[in-house]
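Keep in mind it's a predicted model, so treat the numbers as computed, not measured. If you read the sequence from its start, that first residue is 1, and numbering goes on from there. Because only heavy atoms are used, hydrogens play no part in the values below, and waters and symmetry mates are left out as well, while side chains stay in.
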Amino acid sequence: MTPDSALQLQKLGHACVIEAGAGEAAGFSDDSYRKAGVEVLKDAKAVVAAADVLVKVRPPLPDEVAGLRADQTLISFFYPAQNKDLLEAAKDKGATVIAMDMVPRISRAQKMDALSSMANIAGYRAVIEAGANFGRFFTGQVTAAGKVPPAKVLVIGAGVAGLAAIGTATSLGAITYAFDVRPEVAEQIESMGAEFVYLDFADQTQDGAATGGYAAPSSPEFREAQLKKFRELAPDMDIVITTALIPGRDAPKLWLEDMVAMMKPGSVVVDLAAERGGNCDLTVPDQKVVSPNGVTIVGYTDFPSRMAAQSSTLYSTNIRHMLTDLTPKKDGVIFHNMEDDVIRGATVTREGAITFPPPPPKVQAIAAQKPKEKPKELTPEERRANEVAAFKAQTKSQITMLAVGGALILLAGLYAPASFMSHFIVFVLSCFVGFQVIWNVSHSLHTPLMAVTNAISSIIILGALMQIGSDNNLVVILAALSVFMAGINIFGGFMVTRRMLAMFQKS
């Protein structure tokens, strides 16, 4: 909770309490919470006793789960697949547990996706940590003191953390390479100014789309091709940032000890998967170690905590959106709708039952693109037959329209007065010309071009003004309506055109 998010929670009808000193490390004082209407309690026990909904960052400790009540809801990171004992303990207590790490990765749930929020920070911070341990510039320079080559950065895994790392490394001027088992992310990588590393592998179709945006386990053949490519790259890379994770499994080993040995002294490996065993053989969780050949391996597991103010702001926003969905009537009453895909997916225990794992979401986060069916190749005879049939159908419809139109004009000529016919001919010609003008305009130009055309073609207002002084009341009414509608055309046409032009102006 931040003071700003507390104000938003109070608008939902909730009263907020917080442990004294909880926000100090992130720069939020107890007084700032009090000014936002939050009750500051002396310790965590007082918060647990007072609150109906408890919110944490890290998974709860066993004694914290033991202190839950049956009517309480706990919202935190939980990792239910790895913490089955905690899951059983929460079930026995009858408490409702919402795991922020289980929020499904669908479009509607992006505002609550705390994993992505924290991964974004971790990817950014990984590059900063790499720079702090790297003895040279990221960007290349030509100075009076000599030429400085740019650093070469390899990012393994182009999820949220990987893309954040790519963006940061590229913006700092490094030559950035990136690899991912999901081929559909190649365009994202290249759009950010990095180079996608392709494998010499005939069947590079390790599509992670079907797993909700995460990478899927690779085949042994694919893994061997991966490692071969990484061994080729290792001697040239100055910085390697690994982000590869597979849900419910230990982190895959991708940067092996022999690859570290190939790297130049002073190079840096930052392992964002250290908490789950690490992608690098030499990673030690929560520590920074140096290999025998002088390569620094950073295995910190608290990258988001190293940017506490930013992490707190983003995580508190994720929590606020979750509570917004849990309080649909904004009356301070929690309504736990298990029919909602997001709430159901994140709920791991409820009413004395374990609800993990959830059913797969109805809409996948990233739909794998289905191959398009190739159009059937027609033979010359079939093509000719289709052309003849189309020509006959077009000729038939045109002859029918001409016959009907000619009959109507003939009837009008027989029975209508001469004065009507002169006006009618002008009317038909104007309709024909107008139809041809509009029909031949590209659809993409309709809005700006038609807006100006409406304004210019409203010369009809002159004819209406000439008729508005008529002695016939019906003519006066029709002329007044013409002036009104022509006025809309004039002012509306120029207004739309002005707005269209404003879209292309810088300021």
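Of the inter-residue distances, the one linking N318 atom CG with D113 atom CG reads 7.0 Å to the nearest 0.5 angstrom. For the atom pair CD1 (I343) and CE (M322), the distance works out to 7.0 Å, reported to the nearest 0.5 Å. Here the CE atom belonging to M1 is positioned 12.0 Å from the OG atom belonging to S312, to the nearest 0.5 angstrom. Rounding to the nearest 0.5 angstrom, the gap separating the CG atom in L326 from the CE atom in M112 is 8.0 Å. Atom OG of S116 sits about 11.0 Å away from atom CG of L314, to the nearest 0.5 Å. The distance from the CG atom of L199 to the CZ atom of F179 is 4.0 Å, given to the nearest 0.5 Å.
Within the 3.5 Å criterion, the main-chain N or O of A95 finds a donor-acceptor partner in the side chain of T349. Remark: the backbone N or O of D52 is not paired with any side-chain donor or acceptor of R69 at under 3.5 angstrom. Panel note: side chain S316, backbone T313; a donor-acceptor pair is recorded below 3.5 Å. Listed for the T176 side chain is no donor-acceptor partner under 3.5 Å among the backbone atoms of I166. Remark: side-chain polar atoms of Q10 are paired, donor with acceptor, to backbone N or O of A36 under 3.5 angstrom. Checked by atom type and distance alone, the side chain of K93 pairs as donor or acceptor with a backbone atom of A66 at under 3.5 Å. Here the side chain of E257 pairs no donor or acceptor atom with the backbone of L282 at under 3.5 angstrom. Of the possible donor and acceptor atoms, none in the side chain of T170 sits under 3.5 Å from a partner among the backbone N and O of G167. For Q8 (side chain) and T317 (main-chain N/O), no donor-acceptor pair under 3.5 Å exists by modelled atom type.
Among residues two or more places apart in sequence or in another chain, the side chain to side chain donor-acceptor pair (under 3.5 Å) test is passed with R499 by none. Looking at residues two or more places apart in sequence or on another chain, you find a side-chain contact (heavy atoms from CB on, under 4.5 Å) between E190 and F196, Y198. The side-chain contact (heavy atoms from CB on, under 4.5 Å) search around A273 returns L245, A251, D271, N279, not counting sequence neighbours. Listed by chain and residue number, V53, I75, I319 satisfy the side-chain contact (heavy atoms from CB on, under 4.5 Å) test with V55 (two or more places apart in sequence, or in another chain). Scanning for side-chain contact (heavy atoms from CB on, under 4.5 Å) contacts around K45 gives D43, with sequence neighbours left out.
T96 and H336 share no side-chain donor-acceptor pair at under 3.5 Å.
In this structure, V127 and A165 approach most closely via the heavy-atom pair CG2-O, 3.5 Å. The two residues P285 and A274 have their closest heavy-atom pair at CG-O, 3.7 Å. Nearest heavy-atom pair across R108 and K111 is O-CE, 3.9 Å. Here the closest heavy-atom approach between residue L41 and residue A46 is recorded as CD1-O, 3.5 Å. Closest approach of A20 to V40, counting heavy atoms only: CA-CG1, 3.6 Å. Across every non-hydrogen atom of P3 and S32, the tightest pair is CG-OG, 3.6 Å.
Using a 4.5 Å heavy-atom threshold, the side chains of F230 and L256 count as separate. By the 4.5 Å heavy-atom criterion applied to side chains, F356 and V97 are not counted as neighbours.
Applying the salt bridge (Lys or Arg N to Asp or Glu O under 4.0 Å) rule to pairs touching residues 224-240 yields R136-D238, K229-E232, R231-D258, D238-K264, sequence neighbours excluded. Under the salt bridge (Lys or Arg N to Asp or Glu O under 4.0 Å) criterion, the residue pairs touching residues 18-41 are D31-R34, with sequence neighbours excluded. A ring pair (Phe, Tyr, Trp, His ring centres under 6.0 Å) check over residues 281-328, counting only residues at least two apart or in different chains, returns the pairs F77-Y315.
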Show the atom names and distances, to 0.1 Å, of all donor-acceptor pairs under 3.5 Å that link a side chain in residues 83-90 to residues at least two apart or in another chain.
from: N83; atom 1: ND2; to: F78; atom 2: O; distance (Å): 2.7
from: N83; atom 1: ND2; to: Y79; atom 2: O; distance (Å): 3.4
from: E88; atom 1: OE1; to: K91; atom 2: NZ; distance (Å): 3.3

Can you give the donor-acceptor pairs under 3.5 Å from side chains of residues 288-299 to other protein atoms, not counting sequence neighbours?
from: K288; atom 1: NZ; to: N133; atom 2: OD1; distance (Å): 2.9
from: S291; atom 1: OG; to: N293; atom 2: OD1; distance (Å): 2.5
from: S291; atom 1: OG; to: V295; atom 2: N; distance (Å): 3.0
from: S291; atom 1: OG; to: V295; atom 2: O; distance (Å): 3.4
from: N293; atom 1: ND2; to: V260; atom 2: O; distance (Å): 3.0
from: N293; atom 1: ND2; to: A261; atom 2: O; distance (Å): 3.3
from: N293; atom 1: ND2; to: M263; atom 2: O; distance (Å): 3.1

Would you mind writing out the side-chain donor-acceptor pairs for residues 137-164 within the sub-3.5 Å range, not counting sequence neighbours?
from: T143; atom 1: OG1; to: A145; atom 2: N; distance (Å): 3.2
from: T143; atom 1: OG1; to: G146; atom 2: N; distance (Å): 3.3
from: T143; atom 1: OG1; to: G146; atom 2: O; distance (Å): 2.8

Donor-acceptor list for residues 304-311 side chains, cut-off 3.5 Å, not counting sequence neighbours:
from: R306; atom 1: NE; to: D302; atom 2: OD1; distance (Å): 2.9
from: S311; atom 1: OG; to: P304; atom 2: O; distance (Å): 2.5
from: S311; atom 1: OG; to: M307; atom 2: O; distance (Å): 3.0

key: side-chain contact (heavy atoms from CB on, under 4.5 Å) evaluation trace for V48 with E64   = CA-CA 9 Å; V48 173; E64 290 174 333; over 6 Å; no
inquiry  = Under the criterion side-chain contact (heavy atoms from CB on, under 4.5 Å), I'd like the reasoning laid out for R344 against T355: C-alpha separation, chi angles, the key distance, then a yes or no.
reply    = CA-CA 8 Å; R344 173 63 188 89; T355 58; 3.7 Å; yes
key: Verdict with supporting geometry, V181 and F222, side-chain contact (heavy atoms from CB on, under 4.5 Å)   = CA-CA 9 Å; V181 298; F222 186 86; 3.5 Å; yes
task = Could you go through the side-chain contact (heavy atoms from CB on, under 4.5 Å) check for L254 and R223 one step at a time?
result = CA-CA 9 Å; L254 299 176; R223 175 174 166 77; 3.9 Å; yes
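For M495, the CE atom is loosely surrounded, since the number of other residues' heavy atoms within 6.0 Å does not exceed 12.
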